[in-house]
Amino acid sequence: MFAKARNRIRMHATVSTAVPGAERAVEAARNAKDSRDDRLFGWVLKGCALIVLLSLVGAAGSTLWLGMDAFHTFGFGFLTSAAWDPSNDQYGALVPIMGTVGTAFIALVFAVPVSFGIALFLTEIAPQWLRGPVSSAIELLAGIPSIIYGMWGLFIFAPFVAEHIKPWLMNNFSAEPPDGQVSWLVQHLPWIAKFFSSEYPFFGAGVLTAGLVLAVMIIPFISSVMREVFQTVPTRLKESAYALGSSTWEVVWDIVVPYTRTAVIGGVFLGLGRALGETMAVAFVLGNTFKLTPSILETGSSIASTIANQFGEAQGLQRSALMALAFLLFVVTFIVLLIARLMLRRLATREGK
Amino acid sequence: MFTRKLRIATLVAASLFGMGAAQATDITGAGSSFVYPVLSKWSAKYAEATGNKLNYQSVGSGAGIAQIKEGTIDFGASDAPMSSEDLTKFGLGQFPSVVGGIVPVVNLQGIAAGQLKLDGKLLADIYMGKVARWSDPAVAALNPGVKIPDVKITVVHRSDGSGTSFNFTNYLSKVSPEWASKVKFGTAVEWPAGVGGKGNEGVAQYVRQIPGSIGYVEYAYAKKNNIAFTQLQNAAGKWVQPNAETFGAAAGTADWAGAKDFNVIMTNAPGEQAWPITATTWIIMYKKSKNPSHTKVAFEFFKWSQEKGQPDAASLDYVALPATLTSKIQAYWASDFK
């Protein structure tokens with residue numbers, strides 16, 4: 001395709017210098033047609049981009065419009081209130097916002113290092129014959145519907161957390177450990193216990209469980225983006241570093257990561273976007289309570305799970321409050337992306353670009 | 001050439017006409033998920049018998065009411081009755097469709113299904129978080145001689161808005177003045193205690209996972225998942241087990257006569273044998289139909305379900321309406337619907 005275009009340019013060049021007269025008119029007509037086609041093509045592309053913008057503005061606008069009632073009734077209090085009381089029509093978004101941000105943050109903490117490891121293994125260390133199957137396996141993971149993750153989380157993972165992970169965490173970090181022995185760490189740093197308390201020690205669902213399930217869900221996204229961009233690092237850069245005596249780790253940290261940093265962060269935020277908006281899986285393993293707590297072992301609610309849980313039966317102000325929550329999810333996502341952009345810019349200035 | 005075209009056109013027209021004549025009326029409904037299993041089974045049987053199909057979307061009662069108000073469906077189905085003012089305002093009528101039971105379920109070592117006894121007040125106190133351990137004297141007082149493990153009570157409720165929660169909280173409001181003033185009732189409320197499972201299966205699963213937990217599910221789920229349901233003390237002061245007879249008794253003894261448009265929530269029904277948390281789903285239709293041919297089929301369907309639907313309902317642990325009620329409903333159809 002490119003070769004053909006190049007040929008045509010070469011042909012134009014020879015025609016315009018060599019042959020005068022009638023053929024020049026043909027050429028002019030052709031140029032006019034080309035520039036018209038170019039403009040048309042430009043419009044089509046602009047149209048495509050506009051559709052994205054329009055649907056974004058439309059979705060944000062309609063959630064804001066339908067949520068107006070709730071924003072009007074509660075004002076700023078909607079953001080700071082932890083109440084969610086449908087029978088008395090009192091609604092606040094604080095708990096769902098905290099739940100959304102908290103679970104997504106935990107998911108990133110676990111998913112980013114693992115994805116990084118997967119991508120590095122596949123591009124730098126794995127033998128050639130293993131790369132294909134493992135990459136396809138990761139892409140398959142990305143295609144599993146979220147309800148399956150939710151069911152897996154509810155039936156298999158939450159009981160596992162309740163049996164193995166939660167007791168260990170509570171024994172070591174909480175003020176009321178099941179084994180009755182308050183650990184050295186908690187005795188000296190009592191504030192840690194706040195993050196590991198739990199009203200239901202034998203119950204697996206909660207913020208941490210939801211975060212871990214989300215981590216499994218976003219690992220395929222982040223790792224496949226990382227793998228793609230790691231492959232774009234020119235071999236001669238890596239070979240040169242190896243030739244200078246670098247270890248694999250040094251090549252990765254000093255050559256591969258700086259070369260691909262922007263794209264890697266892009267991939268991380270793609271995963272974060274999915275974690276923030278994930279609905280079904282979270283609704284099954286988060287416990288769905290509206291209680292404000294800093295503990296990651298407690299149950300909670302997220303914006304998306306609250307909407308999924310209550311929208312079907314909601315009427316009047318409750319429906320409006322759910323719409324307002326949907327709008328806030330836009331805002332939260334926007335703020336997170338904004339922070340990402342600022343981070344990237346600071347990185348760029350530090351590197352002196 | 002021309003004749004051939006003509007012939008083809010005639011053939012096409014004939015086949016189209018033929019199809020039109022043979023095609024049955026498809027009616028559409030939407031709303032409560034409580035009735036979805038039994039409606040879908042009935043509709044399959046009804047289609048076999050008459051060729052008319054019923055298309056039901058279980059989108060939730062709120063959405064069902066919204067859609068019937070907009071007139072996009074032939075009937076809506078709601079777990080909470082509409083008030084008579086609202087019905088009059090939109091020109092709608094409503095009637096009960098089928099009866100089902102909601103049962104408290106517990107996860108207690110050594111306690112079998114139907115063994116533990118609870119009354120309404122104790123159930124409300126547990127859900128308020130006031131009775132927090134199974135060793136509480138209030139539990140022992142109702143269960144003399146039963147060995148109940150001394151563990152913490154974990155309350156499990158529905159996280160999604162649902163008719164099950166509506167009827168359960170309605171019952172608690174009727175038996176506990178404190179619940180009625182603080183928590184009230186609705187498809188979703190601000191639960192004073194506990195964790196929320198999504199759907200009946202979510203609650204059933206949480207109860208199975210947490211030792212010492214108590215939840216509430218539709219009877220069919222408790223049976224299917226082998227979770228221990230409890231006995232309850234009904235309004236007549238009798239201890240009853242959940243089953244088809246006690247659900248039917250509740251439907252038969254609820255105060256239908258004193259209500260307009262069947263606006264009775266039949267929890268805490270007065271009958272001697274009545275199960276106190278019995279629920280129905282109301283079918284909501286236009287009194288003056290916008291689409292008479294569809295409405296006619298819809299009425300035929302519900303009449304058929306009242307007369308022939310019992311075996312299928314029973315196989316799914318629902319109970320068809322008692323005869324005393326169906327005669328009232330058919331009189332209501334005759335007098336109020338055109």
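Convention: sequence-line order gives letters A, B, ...; per-chain numbering from 1.
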Toward chain B, the part of A162(A) with a non-hydrogen atom under 4.5 Å: neither
Centroid-centroid distance, F195(A) to F173(A), less than 6.0 Å: no
Engaged part of Q318(A) at the chain B interface, taking heavy atoms whose separation is under 4.5 Å: side chain
Interface moiety of V189(B) toward chain A, non-hydrogen atoms closer than 4.5 Å: both
Which atoms of Q205(B) approach chain A - backbone, side chain, both or neither, heavy atom under 4.5 Å: side chain
Residue pair D125(B) / Y127(B), side-chain donor-acceptor N/O under 3.5 Å: no
Which atoms of T154(B) approach chain A - backbone, side chain, both or neither, heavy atom under 4.5 Å: both
Structural part of S162(B) lying under 4.5 Å from a heavy atom of chain A: backbone
Top contributor to chain A interface from G31(B), G163(B), A188(B), G199(B) [non-hydrogen pairs under 4.5 Å]: A188(B)
F155(A), part contacting chain B, at a heavy-atom distance under 4.5 Å: both
Ring-face cation of K174(B) near Y171(B) (centre distance under 6.0 Å, axis angle within 45°): no
Aromatic plane relationship, H164(A) with F160(A) - under 30° parallel, 30 to 60° tilted, over 60° perpendicular: tilted
Ring geometry between F168(B) and Y216(B) (parallel below 30°, tilted from 30 to 60°, perpendicular above 60°): parallel
Per-residue contact mode, F290(A) against chain B (heavy atom under 4.5 angstrom): neither
Side-chain donor-acceptor pair present, S135(B), D150(B), cut-off under 3.5 Å: yes
Chain A contacts, top residue of G194(B), G202(B), P211(B), G186(B) (heavy-atom pairs, under 4.5 Å): G194(B)
Row check, F221(A) ring normal vs R274(A) NZ/CZ: under 6.0 Å, within 45°: no
